[in-house]
Amino acid sequence: MIDAPAPPGARVVQPARRLRGEFTVPGDKSITQRGLLLGAQASGRTRLRNPGLGADTRASAALVQALGAEVSIDTDELRVTGLGLHGLREPADVLDCGNSGTTMRLAGGLLAGRPLHAVLTGDDSLRTRPMKRIVRPLRALGARIHGRAYGTYAPLAIAPSRLRGAELDIRVASAQVKSAVILAALRANGPTVLRQPAPSRDHTERILTAQGAALHTTAREIRCEPADDLQAFDLDVPGDISSAAFWIAAAVLPPPPHGTIRNLGHHPRPTRLHHAHPNMGADIETHVETTDPEPAGTVIARSSDLRAITAGGHLIPRLIDEASLLALLATRAHGESRIADAQELRVKESDRLHTTERALSALGLELEAEPDGFIIAGGARAGGGTVDAAGDHRIAMLAAVAAVSGTGPVTIHGAEAVDVSYPTFWDDLARLAE
Ligand code: S3P
């Protein structure tokens, strides 16, 4: 339940007596963005049904429009008319990726090695996020790409060049980095072999394969052959599992609630919260209803008695966007939990190890940010308090879930940050919480 009045730009969220409902979350952000970027370099018209239409996906749409692709957006369908693999046009102005790391990093790969000059910039947060991770491998393919601090930060400037195939090791298990390299490799003069430290979400590989690209994937290695052309495609975008994770977490945390979330992405690799932690004892049922081109289905989450967990290693890249929620769940579990190997959280839309610790501590929960994760004391329930979303959509939603499952009202400053991925979040919250 949401009470007015709140200070300007803030929301006050009250504890819910009960949380019950059945609903569909907006289309997956990562898949919608890839639909736009990959559709723009396809031949013909691509249609995305149930797209996610937050600020991040709109940034991807504006970017491909600036490159000459035609985009039309309705609530339940998004259409992109692509220009073919070699048809993208030189943009007339700087390309603004807003808050979206996916837009910037994938666009780096999309634009590298073309006969054009382009500059990618973003908001204050995005301009502090690491870009060397794409600059280095793209240069190894022959791209001419520069950024502030020797390629560390945006704005990134891309100059005309030609690309060659190469064997590359990428240092972070990141779907954004992997995708940037694959997008460039499609236009190289020979095959590219990319080795990654651990698997990450594979939406790019799935869509490109459906478009006719030759990609051979094993757990550690992706071989990408150059392509002549890529076909347009029709895609039913599954619900965004990272958005649904907030409701799953809310449903799992007592007081006794019950929730059903339909059509959410249910991906074997970005497993995410719901079955990453059977060890935690969360009562979450998943039903996969379709697998092509992306798995999707229904999740039923129920209030659960949670056990402490230790999470780390290869699990972390799979649930990186849900790690703060996992920390919140752990505050309610019996015993002390530890989340490790999650140093990537330091370079998300905020330093999420720090902002999660600050948000949950402000509500009386005990967790400590470590250099690569959290140590979390269990057995507590969030109290009331004030949280600053720090410009990070996932921190705003985390605070809201802590509030509905907590014991006192929570004032969330910068609540509008949810627009980045889930513009209807507050409406859905009001519908779900009693
Ligand atoms: C995303 C990948 C993840 C994730 C981000 C979306 C994507 O980042 O945190 O929200 O769409 O590829 P990394 O790939 O850098 O881990």
Side-chain angles (χ1 to χ4, degrees), residues 11 13 23-37 48 50-63 73 75-76 78 96-106 122-123 125-126 129 174-176 179 200-201 203 237-250 261 263-267 270 272-274 294 296 299 318-326 328 344-345 347-350 352 355-356 359 387 389-402 412 414-429 431-432:
R11 292 258 176 180
V13 182
F23 63 104
T24 302
V25 291
D28 188 288
K29 172 163 85 80
S30 293
I31 298 175
T32 306
Q33 291 185 295
R34 283 161 174 80
L36 281 157
L37 296 161
L48 308 175
N50 185 40
L53 293 175
D56 274 11
T57 47
R58 288 183 188 274
S60 297
L63 183 131
I73 303 180
T75 327
D76 52 5
L78 200 158
D96 187 354
C97 304
N99 189 244
S100 173
T102 302
T103 303
M104 179 169 287
R105 296 197 177 112
L106 269 62
D123 68 7
S125 154
L126 187 53
R129 295 181 65 187
S174 157
Q176 295 178 352
S179 301
S200 54
R201 64 190 81 187
H203 310 304
V237 180
D240 194 320
I241 186 71
S242 300
S243 300
F246 290 98
W247 307 132
I248 296 173
I261 298 141
N263 183 36
L264 47 90
H266 172 84
H267 218 260
R272 321 290 178 91
L273 203 55
H274 54 300
E294 293 274 354
V299 173
R318 301 175 191 176
L319 52 70
I320 193 72
D321 291 341
E322 290 74 54
S324 305
L325 270 176
L326 193 59
L328 172 63
E344 273 295 299
L345 289 175
V347 292
K348 292 296 174 190
E349 288 83 332
S350 65
R352 223 174 258 160
T355 49
T356 300
V387 170
D392 187 334
H393 54 139
R394 299 202 198 282
I395 297 296
M397 294 187 278
L398 174 77
V401 171
I412 304 169
E416 72 286 351
V418 304
D419 292 349
V420 157
S421 61
Y422 196 165
T424 53
F425 177 83
W426 300 113
D427 299 336
D428 285 352
L429 179 70
R431 216 155 45 75
L432 213 68

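Side chains included, hydrogens not; waters and symmetry mates left out as well; all remaining heavy atoms used. Residues: numbered from 1 along the sequence shown.
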[X] versus [Y], closest heavy-atom pair with distance:
X: L325; Y: A249; result: CD2-CB, 3.6 Å
X: A61; Y: I73; result: CB-CD1, 4.2 Å
X: T75; Y: L53; result: O-CD1, 3.8 Å
X: D96; Y: G122; result: OD1-CA, 3.6 Å
X: R34; Y: L106; result: CG-CD2, 3.8 Å
X: G414; Y: A396; result: O-CB, 4.5 Å

Could you tell me whether a side-chain N or O of [X] sits under 3.5 Å from a main-chain N or O of [Y], the two making a donor and an acceptor?
X: S350; Y: D392; value: no
X: D28; Y: P238; value: no
X: S125; Y: E349; value: yes
X: S100; Y: C97; value: no
X: D56; Y: S421; value: no

Would you say the side chains of [X] and [Y] form a donor-acceptor pair under 3.5 Å?
X: T102; Y: Q176; result: yes
X: T103; Y: S60; result: yes
X: R394; Y: S324; result: no
X: H203; Y: S30; result: no

About how many Å separate [atom2] of [Y] and [atom1] of [X], when rounded to the nearest 0.5 Å?
X: E416; Y: W426; atom1: CD; atom2: CH2; result: 10.0 Å
X: H393; Y: L398; atom1: NE2; atom2: CG; result: 12.0 Å
X: L345; Y: T356; atom1: CG; atom2: OG1; result: 7.0 Å
X: D428; Y: F246; atom1: CG; atom2: CZ; result: 13.0 Å
X: L126; Y: N99; atom1: CG; atom2: CG; result: 7.0 Å
X: L48; Y: Q33; atom1: CG; atom2: CD; result: 11.5 Å

Verdict with supporting geometry, K348 and I320, side chain to side chain contact (heavy atoms under 4.5 Å, CB included): CA-CA 10 Å; K348 292 296 174 190; I320 193 72; 3.8 Å; yes

Does the pair K29 and S242 meet the rule for a side chain to side chain contact (heavy atoms under 4.5 Å, CB included), with working shown? CA-CA 9 Å; K29 172 163 85 80; S242 300; over 6 Å; no

Run the side chain to side chain contact (heavy atoms under 4.5 Å, CB included) test on R129 and M104 for me, step by step, so that the C-alpha distance in whole Å, both residues' side-chain angles and the decisive distance to 0.1 Å come before the verdict. CA-CA 10 Å; R129 295 181 65 187; M104 179 169 287; over 6 Å; no

Do L63 and L36 have side-chain heavy atoms sitting under 4.5 Å apart?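 They are not in contact (no side-chain heavy atoms under 4.5 Å apart), so the answer is no.
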
Under a 4.5 Å cut-off applied to non-hydrogen side-chain atoms, are T57 and P51 in contact? no

Answer yes or no: is there an ion pair linking R201 with D321, defined by an N-O contact shorter than 4.0 Å? yes

Over 60° means perpendicular and under 30° means parallel, so tell me whether Y422 and W247 are parallel, tilted or perpendicular.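 Geometry flag for W247 against Y422: perpendicular rings.
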
Is there a side chain to side chain contact (heavy atoms under 4.5 Å, CB included) between N50 and D76? Walk through the geometry before answering. CA-CA 5 Å; N50 185 40; D76 52 5; over 6 Å; no

